[in-house]
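What follows is one structure encoded as structure tokens, with my remarks underneath.
So you know, we letter chains A, B, ... as the sequences are listed, proteins then strands, and number each from 1. Scope of the values below: all heavy atoms of this structure, side chains included, with no hydrogens, waters or symmetry mates.
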There are 2 protein chains.
Amino acid sequence: MIACTKCGSVENIVKSGFIRGKQRLFCKACEVHFTIHLPQKEINKTVRQITIVDIAKSLGISPSTVSRALNGRSDINPATRQEIIRVATEMDYRPNLLAQSLNRGETHTIGVVIPNIERPFFAGVLAGIQKVATEAGYRVMICQSNESHSTETLNVQALVASRVDGLLISHSKETTSFDHIKLQLKRGLPIVHFDRVCNEVETAKVVQEDFEGSFVLTEHLILQGCKRIAVCAGPRELLISVSRLNGYKAALAKYDIPLREELIYHTNFIQGESLLALDGWLNLPQKPDGILAVHYANAIDMIVELKKRKIKIPSEIALVGFGDELIASLIEPSLTVFHHSPFQMGGIAAKMLVDNIIHKDTFQPILQKMHGELIIRQSSLRK
Amino acid sequence: MIACTKCGSVENIVKSGFIRGKQRLFCKACEVHFTIHLPQKEINKTVRQITIVDIAKSLGISPSTVSRALNGRSDINPATRQEIIRVATEMDYRPNLLAQSLNRGETHTIGVVIPNIERPFFAGVLAGIQKVATEAGYRVMICQSNESHSTETLNVQALVASRVDGLLISHSKETTSFDHIKLQLKRGLPIVHFDRVCNEVETAKVVQEDFEGSFVLTEHLILQGCKRIAVCAGPRELLISVSRLNGYKAALAKYDIPLREELIYHTNFIQGESLLALDGWLNLPQKPDGILAVHYANAIDMIVELKKRKIKIPSEIALVGFGDELIASLIEPSLTVFHHSPFQMGGIAAKMLVDNIIHKDTFQPILQKMHGELIIRQSSLRK
DNA sequence: TTCGTTTTCGGAAACGTTTTCGGTAGTTAT
DNA sequence: ATAACTACCGAAAACGTTTCCGAAAACGAA
């Protein structure tokens, strides 16, 4: 009835338990176990992509020759190559990038970790990264940390698991420990920091003129006659916040204006907190006559609030902000800002990373500071 | 001097040309060609990642067992599994996603094609996509078409080459032929359209209330007393532009207001062109007293220009726009808009795609329309 | 004992590509 | 004729994982 798959014997077959739900049989003659394989009805799988083996078969040659032809290697007859390319084009062959990456040990993909894609600054940086990366033949994989350290760590792990060739990162506001970066750096992963960098590790970095920008903005307020300048600073932990605050302090020092703690407020990217700061300042016995917001969005919020309170800008209080977006020029009064190009920053960072990836051994990590520009508008211009 | 690698003979060796720069030798005794392999000095390669084979070796078991243990298969002794997991954790094993994907035929990655990441609408959608995708265990790969059809096609090809499990797409303004989509759909790739959809193919779609929104906005203008309503429409080819224009027309028809061709202007996402439209309208013998911009950014531009020209909003000309951003509420006068949540849209689209991927066979493509909301602000409110 | 059963594991193939290295044939110089 | 050479190609291993299927061992029941 049932014949042994090996010797064909029929009478020596005995049952031998079940395996994976199927009856298992044993042939006493040749001492072999086996199960009966049903003809396996054709599965309606999605159309398979053409592989290099398909091309090789259709031409009666070996896969290695096809690979050589398609990769422009030299060990091949030009005529054969032509023919292979013709057939490959005809069959619409697309190399399987997964197989390629697995074999070559590189994915031609770079990973990007940013706090939040919805912030126009980061969106601009991303656009710049994409442009340069694409031109250099790299794909881009983007992750958002949402300003959370743990998410950032997970992001990095996920990107490494995807075997990205390099990493572009701007840290979350929470990030004060950089073990996740150090680990990957030690493993040899090229990493480039931008904007929110980290000084503990030796990576290439692209930064804005944080100190200089704040300095220039503050100095501008002073030159416009402001005597009591408040600052809406960023999170205490963030390096760029510190630099910007230092720029502010340096400008005050230059003009011998005393630093007053009550005029410094640290925000934390929380909705509405700049208004808390403002409220505090307005209740002081001596109100400030100028405000520096190290993030332009805070300045915008405060302009709206000041207008509600009928406080005149810039005559009673002058405002300046760090960073530029369309809204800064459209709001009334328009906002004086220190302007940087996020797009350009992204491009530079991506270029650095690609260099780092390509010249892994000789690459020298450098710090590049983007040049910014003071754009004077209505919010600070006292005639 | 030089011994044959096979027979060890020394005297039968003759030179036999060069191969890949190295001297080739021939042993006449055993008729074998060979080259001399230098001891291959240790290359200082970057630290290798731990593999399943490393774990297997360190435990003296086979890789398949390790794989089964780590993947939670049943064919394994609980004690062995525990031990394997312990060692894997200890060695900080991370599965190579490339190898996994190659083997399983799925990457757990979804591709997204959008016109431009810098547009707040799309940035919001992306954030929504990322959230849902990440929660479902999918990575996201983003491409920008920059409103170019050819780039969009290249994007799709690149994503397919990366073997994404599914595609989320919002077409460029140029895209009128959908062969690139049809091709991939035929190959079985799950695709979901959002916002700028395409009716030629049977995919799941998430759209805004384009018709309804325009209708409501236009009706609102009419109810505020506008008699001559101009429309700053989008690109002619874009489906959503057509729908929005139709909503406008339907509202006019409802109130028996004649449609005037001279009051319709098609923009093309080019800087400053809405001002051209405005200029044209203002030079008409009968100026419009209301304007609908199917893209809020055009409305913003026009508000700025109208203010320059000292034309009163909304008393002389009332304005409304489609789509909402912070700036719409901050500009003066603030802009009446039809509001949708991009974040939510992204989430819904991503969820649909994941459903489509997981239930490839049974998935029914549906069209989901997001609910929008009229937000009345100063730009149209005539007391 | 002897057969049927279950549990646990390993070998090997598979995914699609690249790369290494030798085989073969043909060519040139001696 | 033969040593030295070049040009072209294929077999096989490698990348790291999963999965198929049988082997081995241990156990239970008749």
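Between A/Phe194 and A/Ile114 the shortest side-chain heavy-atom distance falls below 4.5 Å.
When rounded to the nearest whole Å, the span between CG of A/Leu59 and P of D/dC8 equals 17 Å. Following rounding to the nearest Å, B/Ile55 (CD1) and D/dT18 (P) show an atom-to-atom distance of 10 Å. Atom pair A/Arg104:CZ and D/dC15:P shows a separation of 16 Å (rounding to whole Å applied). Spacing between atom NZ of B/Lys15 and atom P of D/dC5 amounts to 6 Å, rounded to whole angstrom units. The distance between atom CG of B/Leu102 and atom C1' of D/dT18, rounded to the nearest whole Å, is 10 Å. Distance, A/Leu98 CG to D/dT17 P: 14 Å, rounded to whole Å. Atom CG in A/Leu25 sits about 14 Å away from atom P in D/dC21, given to the nearest Å. The NZ atom of A/Lys57 sits 11 Å away from the P atom of C/dG16 (whole-angstrom rounding).
For the contact set between residues 61-70 of chain B and DNA chain D, defined by any heavy atom under 4.0 Å, the members are B/Ser64, B/Ser67, B/Arg68.
Considering only the side chain of B/Pro95, D/dT17 comes nearest among D/dC8, D/dT17, D/dT6. Comparing C/dT8, D/dG16, D/dA4 by their nearest atom to the side chain of B/Asn77 picks out C/dT8. Distances from the side chain of A/Asn103 to the nucleotides D/dT17, D/dC9, C/dT18 place C/dT18 closest. Here the side chain of B/Thr80 is nearest to one of C/dC9, C/dG22, C/dT5, namely C/dC9. Side chain of B/Ile52, nearest nucleotide from D/dT6, C/dT18, D/dT18: D/dT18. In the set D/dC9, C/dT8, C/dT17, C/dT17 carries the atom at the smallest distance from any side-chain atom of A/Asn96.
Taking only side-chain nitrogens and oxygens, A/Gln100 comes nearer than 4.0 Å to OP1 or OP2 of C/dT18.
Residue-level contact check: B/Ile76 touches the backbone only, with heavy atoms under 4.0 Å from sugar-phosphate atoms and none from bases. Residue contacts for B/Gln23: at a heavy-atom cut-off of 4.0 Å it reaches the sugar-phosphate backbone alone, with no base atom in range. Residue-level contact check: A/His33 touches the backbone only, with heavy atoms under 4.0 Å from sugar-phosphate atoms and none from bases. At the heavy-atom level, A/Asp75 lies under 4.0 Å from base atoms of the strands shown. Using a 4.0 Å heavy-atom distance criterion, B/Thr51 is classed as a sugar-phosphate-only contact. Using a 4.0 Å heavy-atom cutoff across all strands shown, B/Arg20 reaches at least one base atom of the nucleic acid. Residue-level contact check: A/Ser101 touches neither bases nor backbone, having no heavy atom under 4.0 Å from any strand. A/Arg24 comes within 4.0 angstrom of a base, heavy atoms only.
Of the N and O atoms on the side chains of A/Thr65 and A/Ser62, at least one donor lies less than 3.5 Å from an acceptor on the other residue.
Here the two rings, on B/His149 and B/His171, have centers that are 6.0 Å apart or farther.
The pair B/Asp92-A/Arg187 meets the salt-bridge criterion, with a side-chain N (NZ, NE, NH1 or NH2) lying under 4.0 Å from an Asp/Glu carboxylate O. Salt-bridge annotation for B/Asp165 and B/Lys360: absent, with no side-chain N of the basic residue lying under 4.0 Å from a carboxylate O of the acidic one.
The one candidate from A/Asn155, A/Leu183, A/Leu189, A/Leu167 that meets the side-chain contact (heavy atoms from CB on, under 4.5 Å) condition with A/Val160 is A/Leu189.
Nearest heavy atom pair, residue A/Ile110 against residue A/Ala133, reads CD1-CB, 3.9 Å. When all heavy atoms of B/Lys15 and B/Leu25 are compared, the closest pair comes out as CA-CD2, 4.1 Å.
In terms of position along DNA chain D, the nucleotide closest to B/Ile19 lies nearer the 5' end than the nucleotide closest to the other residue of the pair B/Arg73 and B/Ile19.
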